[in-house]
Engineer: 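Here's a structure for you.
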Amino acid sequence: MYEKVDVIVVGGGHAGCEASLAAAKMGCNTLLITMNMDSIAAMPCNPSIGGPGKGHLVRELDALGGEMGRNIDETSIHCRMLNTSKGPSVQALRAQADKKLYQLRMKGVLENQDNLFIRQGEVERIVLEGGQVKGLELKTGEQFTACAIILTTGTFLNGLTHYGVKNFPAGRQGEGPSVNLSNSLHEAGFQLGRLKTGTVPRVDARTIDFTRMKIQNPSEVPLPFSFFSQKKFHLQQVPCWITGTTPETAEVIKRNLHLSPMYSGAIKGIGPRYCPSIEDKIKRFPDRESHQVFIEPEGLLTNEIYLQGISTSLPIEVQKRVLETIPGLEEAKIMRQGYAVEYDFSYPSQLKRTLETKICKGLYFAGQINGTSGYEEAAAQGLMAGINAAACIQGMEALVLDRSEAYIGVMIDDLTTKDVVDPYRIFTSRAEHRLNLRFDNAVCRLSGYGAKYGILNAKEAAATVRFHENVAVFKKKAKVFHVKRLGSQICEGSLENLIKRPEFEFFRHEEIIQSFSEFTKEEMESALIEIKYEGYIRRQMAQIAQFKRMESLGFPENMNLSEVKNLSHEGRERLLKHKPQTLGEAQRIQGVRSSDINALVVHFFSNTARKKPAESNAGEIFK
Amino acid sequence: MLIQDCDAMAAIATSSGKGAIGILRLSGESAWSLALGMFRKGSPPSPFKGKPIPRQVYYGEFFDPETENLVDRGLALFFKGPASYTGEDLVEFHVHGNPVLLNELLRICIRRGARAAEAGEFTRKALLNGKMNLLEAESVGDIINAESIEAVRLSNITYNGLLQSKISSIREALLNILASIEVEFDYPEESLDPVTRPHLEKELKSLLISIDNLMDEQKKLKFLEGKLKICLIGSPNTGKSSLLNRLLGKERAIVSETPGTTRDVVDEWMEMDGMMVKLMDTAGIRHSDDVVESIGVKKTWETLKEADFVIHVLAFDSKISDQDMDVLKETGDKPGIMVINKSDLRNSFDFKCFLGDKSREILEVSAKFGHGMDEFWDGLIKAINELKEKNRPEVFLNDRHVLHLMNMKLDIQKALNSLDAPMDLIAIDLRAALNESDLITGESATDDLLDTIFRTFCVGK
């Protein structure tokens, strides 16, 4: 007899950790299979979590009950709030992690989670039967059956690492690839593509001249990602530094470009535009004299330093010469060299918005297998896949977040409606309703779901409800709270009106704060934003209402596109490929033109339009 | 008898030239009652008893309810909403295709409370009432324009390509501004040159000018569609009203020897070389202690502002006054001609000299005796055709385009009004503006924004 479980999660990276925790918390008998127990929650690239967009994802994940936020809070060695002067919606937290401690803590959390068991092993084959997942088989021949399988294979599918002109099959530095699993997916009918990503050289801290660099000090107050974390430093806080490339760096790189697998043609996969290698930067922006290099410690107990900004796959000799041209790194000794990795991914248009594959029931994909990049992106998908796999097994309705309620929704919608051509990363720019998707209100937006699916326990859920309520109570109180004087100034009016003044700084006025001692600082901050930017928020809400209208217009089940007149050829193909469920989704599919949407409206909605002109007609829809 | 709160709109549906049949349409809740007040069915004609039957054709008389005068005989069709073109109650008058006559009917409707529909408004109503989709609505516009304006039809393809490129360049500029703002949100530590508020202000203002320039193209459409306004202006008693009557071929304005007879602006639509123009006679310009007359003079100056073409009238028997100098100063830059009336009293005064550095064709007529009228007529048509040629719009903007451009302007203006707000809020307005441009071109803002960011800035760790 095979061992039988509810959910199997393949891969112990950031997606796999969240997926398995979520499924187990929802009561599913869950098995996590990883190729290497010591690589659970590894950070093979930069040692940091968060930043604009990414930090928002972590906060949302946390509000839903995910682990990443709590994990980084306990293992962070440097954190800062970014974009503080640029407005309420783009403020974001970023933290440097002690890489090893991050892994160890997460491993401990997984190991102690009820319903969750971990096994080391390499998955060779997914067993499918009539469009339904049945189980999987390990390289050793061991077999498991499961109701749902979540694949979170990272860069391991057919992984190929490049070091200058040399290349080796590997999932990442020092770990083997997963070749047969990739073939198994291909045979099952999945369309696979190839992407590339790269890392930077790590150098020995003792060989860096920090005096020639600009120091970046960490925040003096603890800034947790998680709503549930204690507000304290768990570890010693250390600084980072900044230096930059010189014109000599550019010279060295230009002279050796032919040795880069990126330019020699050895790499076929497409690299991320937003995280270009230093070769790319020099080539594409030749006029720029200097590119920044961020010096980031990888942990408290190691001398390894991550050189953020100079990701490269040039040969080791060239990497050494490059460092010689960078102030402070002239003498730096490389401990691990930079390299590039190519890997297979599955085009995410093959996914439903639940992250279940369209062609195989019970099979879910999360993380880099979907063409994304980044720990946070992976973790958020992992959580959603875990929730939806468990929900499906338990007969609960699926959790699909839309673009107006979460960055997670933006990301998954992008993945399922747009073509991935290079590794996908979240940006605040990707969100249309950014002002609603703030760091401070993530709990209000999403913790209801976390509670509903049982990812948050009762105590946690109650805390989030209290926060939500208190924000509302503060807003009400500010409306009726009358201020007579501000310091020495006579000042008549409600506190609400005062807060709306651009120059007013609430936290400077002890005499007012005294009357609001029942609120936490976070509650007050969130309420202050909502009062101060009420006009903008109201406009954003109106836009959201309009967006929801489009989303609510679902296509009939038996949509027969061949009956639709005036569809463009490309539009028809794209619609057939993506099978959108709503008109809003159809509209966002790449290659679908507005004339195609018109044709769809005429065909599917014209009858209702004639009966109920006010509710659904072309004029309204296309506003 | 004015119908209060009449919510009907009216427009001539057929093109502006002469034809066998002309159609006027009325749409809105009061369309039927308005129509029934100016139409008697049958022969001999009698008022309707009860309501007309929808979609039945009635023959009868159209009359002016104020004067009871017959305007024309023809057909009336009644449509009951939503089974009509616009989705509202709708009436069609089919009469003889004489623009003067159709305008008379339109004027009666408007006098009785209807609103003159804007170009394309019937179709927009249809769109809003779910009678057709955007695509169909736009193609209606295309069909209409293809039939009525040969020039547009011939150059439709070029027009559209050019429009696309003009809107694209505005969109591109906005995208660049937004990208330079947003890149700093997503790459906070990349030592880029941050966008300063004064720089942003400058960029946005120049964007507004580009949009205005594009929107001006639509104003030029009136030269194609024949909605030109021609203003007769000059000192009192130079014979402006006589000239108007001559041009119209009827005694429309009161003519007397007394200077300052015309007090109010007298206007009249007329056909000129196949195009409808609105001829406006104004009170003679002079200082007057008479309250009514000075109001008239004020109105003259206002009318001048909206005029597209000026007929500056002088007379051989009047001396050139300071007011004439003023008129020349005010109108010198507008297209127009100068007419010296009362050629029967010709003297040797050199009017060319009076023109100074302004260039203007001078024609001599006698409105009273009809001398030189043919030359005047030819000169007028020639000048107007030249004007038309000069103002041929580069692109064809329809109402939808203009609507989105207007919204774009509003959004950009909002951003300009709150430049001291945090950048992410300014970005909200600019994104809204970008979305408006996308509604014209059908592109996707978010994708292009990221493309622009990566193309323009070297970012990424």
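Scope of the values below: all heavy atoms of this structure, side chains included, with no hydrogens, waters or symmetry mates. Chain letters run A, B, ... following the sequence lines, proteins first and then strands; every chain starts at 1.
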Engineer: Check whether any side-chain heavy atom of Gln308(A) sits under 4.5 Å from a side-chain heavy atom of Glu189(B), and report yes or no.
Structural biologist: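 Not in contact.
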Engineer: When you measure from the side chain of Asp186(B) to the backbone of Phe427(A), do you find a donor-acceptor pair of N or O atoms at a distance under 3.5 Å?
Structural biologist: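 No; zero donor-acceptor contacts below 3.5 Å.
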Engineer: When rounded to the nearest 0.5 angstrom, what distance separates CG in Asp411(B) from CZ in Arg539(A)?
Structural biologist: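 It is 6.5 Å, given to the nearest 0.5 Å.
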Engineer: Identify which part of Gln540(A) has an atom lying under 4.5 Å from any heavy atom of chain B, answering side chain, backbone, both or neither.
Structural biologist: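 Interface part for Gln540(A): side chain.
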Engineer: So for atom NZ, which belongs to Lys283(A), do other residues, nucleotides or ligands contribute more than 12 heavy atoms lying within a distance under 6.0 Å?
Structural biologist: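 Not buried by this count: 12 neighbours or fewer within 6.0 Å.
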Engineer: Atom CE of residue position Met406(B) - does it have more than 12 heavy atoms of other residues, nucleotides or ligands inside 6.0 Å?
Structural biologist: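 For Met406(B), atom CE is not crowded (no more than 12 foreign heavy atoms under 6.0 Å).
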Engineer: Less than 4.5 Å to any heavy atom of chain A: does that hold for the side chain of Asn407(B), its backbone, both, or neither?
Structural biologist: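 Neither part.
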Engineer: In Å and rounded to the nearest 0.5 Å, what is the OG1 to OH distance from Thr428(A) to Tyr187(B)?
Structural biologist: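 Here the rounded value is 10.5 Å.
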Engineer: Compare all side-chain heavy atoms of Arg94(A) with those of Pro188(B) and state whether any distance is below 4.5 angstrom.
Structural biologist: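 No, too far: nothing below the 4.5 Å cut-off.
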Engineer: Establish, for the pair Arg431(B) and Tyr536(A), whether the NZ or CZ atom is under 6.0 angstrom from the six-membered ring centre and no further than 45 degrees off its axis.
Structural biologist: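 Negative - Arg431(B) is either too far from the ring of Tyr536(A) or too far off its axis.
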Engineer: Among Pro502(A), Gly51(A), Gly53(A), Pro88(A), which residue has the highest count of heavy-atom pairs closer than 4.5 Å to chain B?
Structural biologist: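 Ranked by heavy-atom pairs under 4.5 Å with chain B, first place is Pro88(A).
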Engineer: Please report the interatomic distance CD1(Ile428(B)) to CZ(Arg434(A)), rounded to the nearest 0.5 Å.
Structural biologist: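 Atom-to-atom, Ile428(B):CD1 and Arg434(A):CZ are 7.0 Å apart.
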Engineer: How long is the gap from NZ on Lys532(A) to CG on Leu425(B), to the nearest 0.5 Å?
Structural biologist: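 Going from NZ on Lys532(A) over to CG on Leu425(B), the span is 11.0 Å.
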Engineer: If you count heavy atoms of other groups shown closer than 6.0 angstrom to CD of Gln56(B), is the number above 12?
Structural biologist: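 Yes, because the 6.0 Å sphere around CD of Gln56(B) holds more than 12 heavy atoms from other groups.
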